[in-house]
Amino acid sequence: AEGVIRVGGDHNYPPYEFLNDEGLPDGYNTELTKAIAEVMGMEVEIELGRWDDMRKRLSEGEVDTLQGMVFSEERSKSFAFSPAHALIHQSIFARRGETRATELSGLKGKAVIVQRGGIMHDYLLQNNVGANLVLVDTHADALRLLASGQHDYALVANLPGLYLERELELSNITPVGQPFGAQHYGYSVLKGNEALLARFSEGLAILK
């Protein structure tokens with residue numbers, strides 16, 4: 001529809017964004033988007049799907065903004081970011097009682113499960129950590145796979161990881177290290193679409 005802003009996000013990244021039991025967009029980012037739309041008088045349509053897919057759709061102009069993306073220098077070559085509305089910590093998860101890699105260097109030569117197109121996928125590729133990457137669509141897939149006895153580690157966002165571990169009742173996995181500082185998480189648009197981004201940033205500032 002004319003004038004409707006298409007907002008995308010991850011369908012399984014609780015508590016930030018997820019599809020609830022009714023199949024509707026939910027979570028902190030979703031509430032925030034609705035509140036920003038209200039104070040800024042914008043009409044938004046929120047669609048949550050596979051992260052890798054949504055990232056492609058942002059790149060191709062099929063969605064106007066993603067409501068939560070971790071900032072990195074590399075990503076800022078293609079995307080523009082709003083001020084952060086959350087800080088994300090990444091954790092290395094392992095099965096209980098197995099070897100613990102608390103640092104990135106400990107992942108060399110190990111089979112590490114990461115979300116396809118996620119910040120840790122980007123990071124491990126760019127920094128040549130030497131891990132064998134196992135790519136999955138969601139954080140939930142990563143943790144299930146690890147819990148089922150496959151591969152060495154999962155590298156996932158800490159809070160979503162803890163949420164999903166509880167929700168999926170995966171009692172045999174645990175975070176063993178947080179080798180990264182806090183990462184800035186905010187709205188992102190394709191470079192050149194800064195005028196739209198400014199409206200989200202302004203809405204954020206008003207809500208703060």
Side-chain angles (χ1 to χ4, degrees), residues 4-40 42-58 62-72 75 79 81-91 93 113-122 136-144 147 154-170 173 175 178 180 182-189 196-197 199-208:
V4 174
I5 296 157
R6 296 159 305 174
V7 181
D10 190 321
H11 63 128
N12 199 348
Y13 194 69
Y16 300 104
E17 48 189 24
F18 56 92
L19 292 173
N20 62 24
D21 297 337
E22 279 89 64
L24 299 171
D26 209 335
Y28 169 77
N29 298 357
T30 303
E31 297 297 315
L32 193 58
T33 294
K34 289 175 178 169
I36 289 172
E38 198 170 315
V39 299
M40 296 302 291
M42 303 189 295
E43 202 181 325
V44 296
E45 199 171 87
I46 301 168
E47 190 187 340
L48 306 184
R50 262 187 37 202
W51 176 251
D52 191 41
D53 231 23
M54 283 297 171
R55 195 173 153 175
K56 274 199 195 76
R57 292 177 62 185
L58 180 65
E62 288 174 19
V63 296
D64 301 307
T65 181
L66 294 183
Q67 50 184 8
M69 192 187 224
V70 169
F71 172 85
S72 72
R75 285 176 168 185
F79 306 108
F81 290 81
S82 75
H85 56 66
L87 293 177
I88 304 273
H89 289 87
Q90 304 290 339
S91 285
F93 275 73
I113 311 162
V114 290
Q115 184 178 35
R116 188 180 281 107
I119 191 70
M120 290 295 95
H121 184 194
D122 290 5
V136 294
D137 289 334
T138 65
H139 272 46
D141 292 340
L143 295 174
R144 275 200 202 94
L155 194 45
V156 297
N158 190 52
L159 194 55
L162 294 171
Y163 255 75
L164 289 160
E165 178 194 347
R166 224 184 19 237
E167 196 183 309
L168 303 169
E169 299 180 351
L170 307 173
I173 60 173
Q178 281 198 358
F180 300 88
Q183 295 170 325
H184 289 241
Y185 183 68
Y187 288 85
S188 67
V189 299
L196 171 64
L197 187 67
R199 294 165 75 190
F200 280 90
S201 300
E202 190 184 332
L204 259 180
I206 292 169
L207 293 173
K208 283 251 154 80

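Remember, it's a predicted structure, so these values are computed and weren't measured experimentally.
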State the [atom1]-[atom2] distance between [X] and [Y], to the nearest 0.5 angstrom.
X: R6; Y: E62; atom1: CZ; atom2: CD; answer: 8.0 Å
X: I5; Y: E45; atom1: CD1; atom2: CD; answer: 11.0 Å
X: I113; Y: L155; atom1: CD1; atom2: CG; answer: 10.5 Å
X: T138; Y: D52; atom1: OG1; atom2: CG; answer: 12.0 Å

Report yes if the side chains of R55 and R116 come closer than 4.5 Å at any heavy-atom pair, otherwise no.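 Of all side-chain heavy-atom pairs linking R116 with R55, none is under 4.5 Å.
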
Could you check whether any side-chain N or O of [X] sits under 3.5 Å from a backbone N or O of [Y], counting only pairs where one atom can act as donor and the other as acceptor?
X: Y16; Y: D10; result: no
X: S91; Y: A157; result: no
X: Q178; Y: Q90; result: no

Check the pair Y28, L159 against side-chain contact (heavy atoms from CB on, under 4.5 Å), reporting the backbone distance first and the verdict last. CA-CA 12 Å; Y28 169 77; L159 194 55; over 6 Å; no

Chi angles and distances behind the side-chain contact (heavy atoms from CB on, under 4.5 Å) call for V44, T65: CA-CA 10 Å; V44 296; T65 181; over 6 Å; no

Heavy-atom pair with the smallest gap, counting every atom of [X] and [Y]:
X: E165; Y: I173; value: OE2-O, 3.0 Å
X: Y187; Y: I36; value: OH-CD1, 3.6 Å
X: L143; Y: A154; value: CD2-CB, 4.4 Å
X: L168; Y: A140; value: CD1-CB, 4.0 Å
X: A35; Y: L207; value: CB-CD1, 3.7 Å
X: G68; Y: H85; value: CA-NE2, 4.3 Å

Report, as yes or no, whether the 6.0 Å neighbourhood of atom OH on Y163 holds more than 12 heavy atoms from other residues, nucleotides or ligands.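 No.
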
For D53, is there an ion pair with K56 - N to carboxylate O distance below 4.0 angstrom?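 No.
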
Going by an N to O cut-off under 4.0 Å, is there a salt bridge joining D64 and R199?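 A salt bridge is absent here (no side-chain N lies under 4.0 Å from a carboxylate O).
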
Stepwise side-chain contact (heavy atoms from CB on, under 4.5 Å) check, K34 with T30: CA-CA 6 Å; K34 289 175 178 169; T30 303; 4.0 Å; yes

Can you name the one residue among S72, S201, S188 that meets side-chain contact (heavy atoms from CB on, under 4.5 Å) with F81?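 Of the listed residues S72, S201, S188, the side-chain contact (heavy atoms from CB on, under 4.5 Å) partner of F81 is S188.
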
For W51, the option from M69, H121, H11 that meets side-chain contact (heavy atoms from CB on, under 4.5 Å):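 Of all the options given, the one that passes is M69.
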
Under 30°, 30 to 60°, or over 60°: which ring-plane class applies to Y13 and Y185, parallel, tilted or perpendicular?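 Ring orientation of Y13 relative to Y185: tilted.
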
Looking at residues at least two apart in the chain, or sitting in another chain, which of them share a salt bridge (charged side-chain N to carboxylate O under 4.0 Å, His left out) with E47?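 Partners of E47 under the salt bridge (charged side-chain N to carboxylate O under 4.0 Å, His left out) test: R57.
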
